[in-house]
Amino acid sequence: MEYNSVKKIALQRVEVLFEQATNLAKLNPTLAAKYICVARRIAMAAKVRLPLYFRRQTCKKCNTLFLYASNCRVRVRQKREPHVVITCLNCGNQTRIMLKIKV
């Protein structure tokens, strides 16, 4: 197998697992978290970086899928530099997303 094909297969599997996790998130959140954990392991084993929209949808600490207004809180803060703070309501972990690009 080629080096590049392994990464493509890994990304395809990660996408399928995230799709299944989003479908199951409301019905069975623990199974959705398990799917996300498996997707992260596949990405790490293949040395593939998860796409940005997958990283922003999950909690890095407890692997839960963010369902806005259900299990996470989103706030915009202005201290130092403007940024968005996403707080997971399951574990309390905070993810900060900068709004301005540093020059």
Side-chain angles (χ1 to χ4, degrees):
M1 283 179 113
E2 272 187 40
Y3 179 72
N4 206 9
S5 66
V6 173
K7 290 189 175 192
K8 285 181 183 177
I9 292 170
L11 276 176
Q12 288 173 352
R13 290 182 182 174
V14 165
E15 287 176 5
V16 168
L17 284 168
F18 265 92
E19 184 180 321
Q20 290 177 353
T22 54
N23 292 339
L24 284 174
K26 289 202 175 205
L27 301 173
N28 194 347
T30 56
L31 186 59
K34 186 74 173 172
Y35 284 166
I36 292 170
C37 185
V38 171
R40 282 198 174 145
R41 284 186 189 162
I42 289 172
M44 282 191 288
K47 295 182 181 176
V48 175
R49 190 174 171 103
L50 284 174
L52 186 64
Y53 52 93
F54 290 153
R55 284 183 274 150
R56 297 248 172 110
Q57 288 179 351
T58 60
C59 176
K60 292 181 183 177
K61 189 174 180 184
C62 64
N63 290 323
T64 57
L65 190 70
F66 288 145
L67 300 172
Y68 296 102
S70 177
N71 65 354
C72 71
R73 179 176 54 226
V74 181
R75 298 285 187 258
V76 177
R77 298 289 176 207
Q78 295 295 325
K79 290 190 176 181
R80 293 186 208 136
E81 301 229 358
H83 59 280
V84 176
V85 179
I86 302 172
T87 305
C88 177
L89 297 179
N90 293 335
C91 65
N93 189 38
Q94 292 182 342
T95 305
R96 288 174 184 84
I97 301 169
M98 301 306 290
L99 294 178
K100 285 187 178 179
I101 298 174
K102 293 183 180 178
V103 178

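Residues Ile97 and Ile86 form a side-chain contact, since some pair of their non-hydrogen atoms from C-beta on lies under 4.5 Å apart. Thr30 is listed as a side-chain neighbour of Asn28, based on a closest heavy-atom distance under 4.5 Å. Contact check for Val85 versus Val74: no side-chain heavy atoms found under the 4.5 Å cut-off. Arg40 is listed as a side-chain neighbour of Thr58, based on a closest heavy-atom distance under 4.5 Å. At least one side-chain heavy atom of Phe54 sits under 4.5 Å from a side-chain heavy atom of Glu15. The shortest distance between side-chain heavy atoms of Asn90 and Cys72 does not fall below 4.5 Å.
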Evaluate the side chain to side chain contact (heavy atoms under 4.5 Å, CB included) criterion for residues Asn93 and Thr87: first the C-alpha distance (whole Å), next the side-chain angles of each, then the deciding distance (0.1 Å), finally the verdict.
-> CA-CA 6 Å; Asn93 189 38; Thr87 305; over 6 Å; no

Could you check Leu99 against Val84 for side chain to side chain contact (heavy atoms under 4.5 Å, CB included), going step by step and ending with a plain yes or no?
-> CA-CA 7 Å; Leu99 294 178; Val84 176; 3.7 Å; yes

Derivation and outcome, side chain to side chain contact (heavy atoms under 4.5 Å, CB included), residues Cys88 and Thr64 | CA-CA 8 Å; Cys88 177; Thr64 57; 3.7 Å; yes

Go through the steps to decide whether His83 and Gln78 satisfy the test side chain to side chain contact (heavy atoms under 4.5 Å, CB included), and finish with yes or no.
-> CA-CA 7 Å; His83 59 280; Gln78 295 295 325; over 6 Å; no

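With no hydrogens or angles considered, a side-chain donor-acceptor pair links Gln94 and Arg96 at under 3.5 Å.
Linking Ile, Leu, Val, Met, Phe, Trp and Tyr whenever their side-chain heavy atoms come within less than 4.5 Å puts Tyr35 and Leu50 in one cluster. A single hydrophobic cluster is not seen to contain both Leu24 and Leu67; linkage of ILVMFWY side chains at heavy-atom distances under 4.5 Å, directly or through other members, places them apart. Both Tyr68 and Val76 belong to a single network of hydrophobic side chains, linked directly or stepwise wherever heavy atoms of I, L, V, M, F, W or Y lie under 4.5 Å apart. Under the 4.5 Å side-chain heavy-atom criterion for Ile, Leu, Val, Met, Phe, Trp and Tyr, Val6 and Leu11 are members of distinct hydrophobic clusters. By the criterion of side-chain heavy atoms lying less than 4.5 angstrom apart, applied directly or through intervening Ile, Leu, Val, Met, Phe, Trp or Tyr residues, Tyr53 is grouped together with Val14 in one hydrophobic cluster.
Atoms CD and CG, on Gln57 and Leu52 in that order, are 10.0 Å from each other to the nearest 0.5 Å. Note that CG of Leu65 and OG1 of Thr22 are 6.5 Å apart. Values are rounded to the nearest 0.5 Å.
Between Leu89 and Ser70 the shortest heavy-atom distance is CD1-O, 4.2 Å. Listed here is the closest heavy atom pair of Ala21 and Ala32: O-CB, 3.5 Å.
By the 6.0 Å contact criterion, CZ on Arg49 is open, its count of non-hydrogen atoms from other residues, nucleotides or ligands being 12 or less.
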